[in-house]
Amino acid sequence: MNAAKFFFTLAIAGVTLTGCNSGAKDSTHAPRESQTPQMSEQPMPEAEPDAGGDAENNEKHETIRVFYGTDRNLTGSPHPGQFYGTRRASLSLGFCDVSIPKNHEAGKLESPKIWKLEFRENPDKHVVLKSVEPASGSDFLAQLRQTIEKSVEVEETSSGLVKVGGEAFIFVHGFNNSFEDAARRTAQIAYDLKFKGAPLMYSWPSQEKGSIWAYKEDGRTAQWCEENVTLFIEAIARESGARKIHLIAHSMGNRVLSRALKNISQKLALTGEPEPLFNEVILTAPDIDAQIFKESIAPHIIQTAERFTIYSSSEDLALKASRVVNSFWHQRLGEGGSYLTVFPEYQQINVVDASEIDTNLFALGHSYHADSNTVLSDVKLVFQGIPANQRDLRSLLENLAWEFQNNRSLVRRTIRGTFR
């Protein structure tokens, strides 16, 4: 199915896509038109006292609109956080609004904290999924194009006037993530990057649990959804009107994205298209077999984008656990240090070792792509097309890979046993 037919088909199926049956158990139960929901708004907390002004002017947050594709089931719940579930369903589209507090710290996903006596979400203090609105293909595409078009700006540089903005990126989340998790993270990344364009995400039906059973099931689902993801990202590339299209995958989401790109590469080969569909593809903490990726995936996807950047780390405890689950000898692509995987045969693939990045001492070191200011700053430069040798990176293995400068705190280096 080509991109135009994809959106046309979804436009015709608008009633089904935007319906929400509170008693629906799976995607085979088509809701009636009378049950089509309106935008689902989360109950807002009572406004704090203010000396004057209307409620809108008193808001202490910004709202980021995230466009989405998902093959999760509709739960029937009007609450944004439970709007989509964990079961497999047909592909649907829509957009959601996420609040970013004005006192937001880059790399943070502010949430209520009991020790601060915060017992419910407040958009003025927290990153909150405020609303979810499914849409037909035509409505989705119209709003996406409008958002992208409005983001275009002209800046004056030393070489003259240049056009900036008008871009889009698609984020694919990993294991143990809910629709809400993915929406909040996508909005945070867009806000912290000061991204000029449309942020999109693809949310596949992860089980949202951290058990070994859930990990195995997520692995099977990551393979099941590849055709839906292929249709979605190809349609965005061909029909959105964006000047540049970037892709970001995290953890197990790299399995999802890799399969989709492999499908697209086969189509490009058949049609003989000389130009890649995507600009930058960023694979962060990829939980994928390194040997399989190097031998069976990389050779087939290299022509789909102008450049690939892989972020890896030897301090990623989640990938250490993944190696155990997947048998000790199955090295993960996202492992850094002595396990770093490089690609001397492909100049388009940049490998960046983030092992020296200072992350939360009590975290798993698996989300550095979005909670490290250092990595976020590098991602921004990647989106701008800046080559690795012109960024604040140190060469490894004669430019086969790169690494961040050591920015770990003394305490962290001592505890991690890497003091030097």
Side-chain angles (χ1 to χ4, degrees), residues 171-177 185 204 206-207 209-223 225-226 229 247-262 281-302 308-346 349-357 359-360 363-372 375 378-379 396-397 400-404 416-418:
F171 177 66
V172 183
H173 65 78
F175 159 66
N176 191 20
N177 272 237
R185 181 62 86 185
W204 50 280
S206 164
Q207 291 301 303
K209 296 178 181 178
S211 66
I212 293 180
W213 171 85
Y215 179 84
K216 295 288 189 180
E217 182 60 26
D218 275 10
R220 289 186 285 269
T221 300
Q223 184 172 357
C225 69
E226 67 174 271
V229 180
L247 306 174
I248 309 176
H250 177 238
S251 190
M252 192 179 285
N254 287 278
R255 302 186 201 178
V256 176
L257 182 59
S258 294
R259 291 189 179 98
L261 290 177
K262 193 170 182 179
V281 175
I282 298 179
L283 311 179
T284 66
D287 183 9
I288 186 170
D289 187 298
Q291 183 178 7
I292 290 176
F293 183 87
K294 187 167 186 174
E295 297 178 358
S296 303
I297 297 176
H300 300 284
I301 69 174
I302 198 67
F308 291 76
T309 301
I310 301 172
Y311 289 102
S312 304
S313 173
S314 61
E315 298 296 312
D316 191 327
L317 300 182
L319 289 188
K320 292 180 186 294
S322 173
R323 178 191 273 243
V324 173
V325 173
N326 290 283
S327 299
F328 282 104
W329 55 86
H330 289 175
Q331 179 181 326
R332 316 316 287 168
L333 182 62
E335 293 185 88
S338 60
Y339 293 108
L340 199 66
T341 304
V342 295
F343 300 82
E345 62 272 45
Y346 301 118
I349 300 181
N350 291 171
V351 178
V352 181
D353 193 333
S355 300
E356 299 299 334
I357 291 299
T359 56
N360 188 325
L364 295 176
H366 191 53
S367 298
Y368 53 83
H369 67 293
D371 59 23
S372 166
V375 179
D378 195 62
V379 169
L396 288 175
L397 305 173
L400 289 180
W402 305 83
E403 69 176 346
F404 290 103
R416 288 293 192 191
T418 59

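We count residues from 1, following the sequence as given.
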Taking the side chain as every heavy atom from C-beta outward, state whether [X] and [Y] have any pair of such atoms under 4.5 Å apart.
| X | Y | result |
| --- | --- | --- |
| Phe293 | Ile301 | yes |
| Phe343 | Val351 | yes |
| Gln291 | Gln331 | no |

Distance-only side-chain donor-acceptor flag, [X] / [Y], under 3.5 Å:
| X | Y | value |
| --- | --- | --- |
| Ser355 | Glu403 | no |
| Asn350 | Tyr311 | no |
| Asp287 | Ser322 | yes |

Might you point out which heavy atoms bring [X] and [Y] nearest each other, and give the distance in Å?
| X | Y | value |
| --- | --- | --- |
| Glu345 | Lys294 | OE2-CE, 4.0 Å |
| Asn254 | Pro286 | ND2-CA, 3.2 Å |
| Gly337 | Asp353 | N-OD2, 2.9 Å |
| Ile297 | Ser258 | CG2-CB, 3.9 Å |

*Ion pair Arg220/Glu217, N-O distance below 4.0 Å*: yes

Do side-chain atoms of [X] reach the backbone of [Y] as a donor and acceptor pair under 3.5 angstrom?
| X | Y | result |
| --- | --- | --- |
| Ser312 | Leu333 | yes |
| Ser367 | Ala370 | no |
| Lys209 | Tyr215 | no |
| Ser251 | Gly253 | no |

Straight-line distance of [X] [atom1] to [Y] [atom2], nearest 0.5 Å:
| X | Y | atom1 | atom2 | value |
| --- | --- | --- | --- | --- |
| Thr341 | Ile288 | OG1 | CD1 | 11.0 Å |
| Thr284 | Ile310 | OG1 | CD1 | 11.0 Å |
| Phe175 | Arg255 | CZ | CZ | 10.0 Å |
| Lys262 | Ser296 | NZ | OG | 5.5 Å |
| Arg332 | Lys320 | CZ | NZ | 13.5 Å |
| Thr309 | Ile248 | OG1 | CD1 | 10.5 Å |

*Does the side-chain contact (heavy atoms from CB on, under 4.5 Å) test come out yes or no for Ile357 and Ser313, once each step is laid out?*
CA-CA 9 Å; Ile357 291 299; Ser313 173; over 6 Å; no

*Would you indicate whether Ile212, at its atom CD1, is surrounded by more than 12 heavy atoms from other residues, nucleotides or ligands within a distance under 6.0 Å?*
no

*Begin from the C-alpha positions of Leu400 and Leu340 and carry the test side-chain contact (heavy atoms from CB on, under 4.5 Å) through to its verdict.*
CA-CA 10 Å; Leu400 289 180; Leu340 199 66; over 6 Å; no

*Among Asn177, Asp218, Asn176, which residue meets the side chain to side chain donor-acceptor pair (under 3.5 Å) test with Ser206?*
Asp218

*For Val229 and Trp204, what are the C-alpha separation, side-chain angles and deciding distance, and is it a side-chain contact (heavy atoms from CB on, under 4.5 Å)?*
CA-CA 9 Å; Val229 180; Trp204 50 280; 5.6 Å; no

*Using the ring of each side chain (for Trp, its six-membered ring), is His369 parallel, tilted or perpendicular to Phe171, with breaks at 30° and 60°?*
parallel

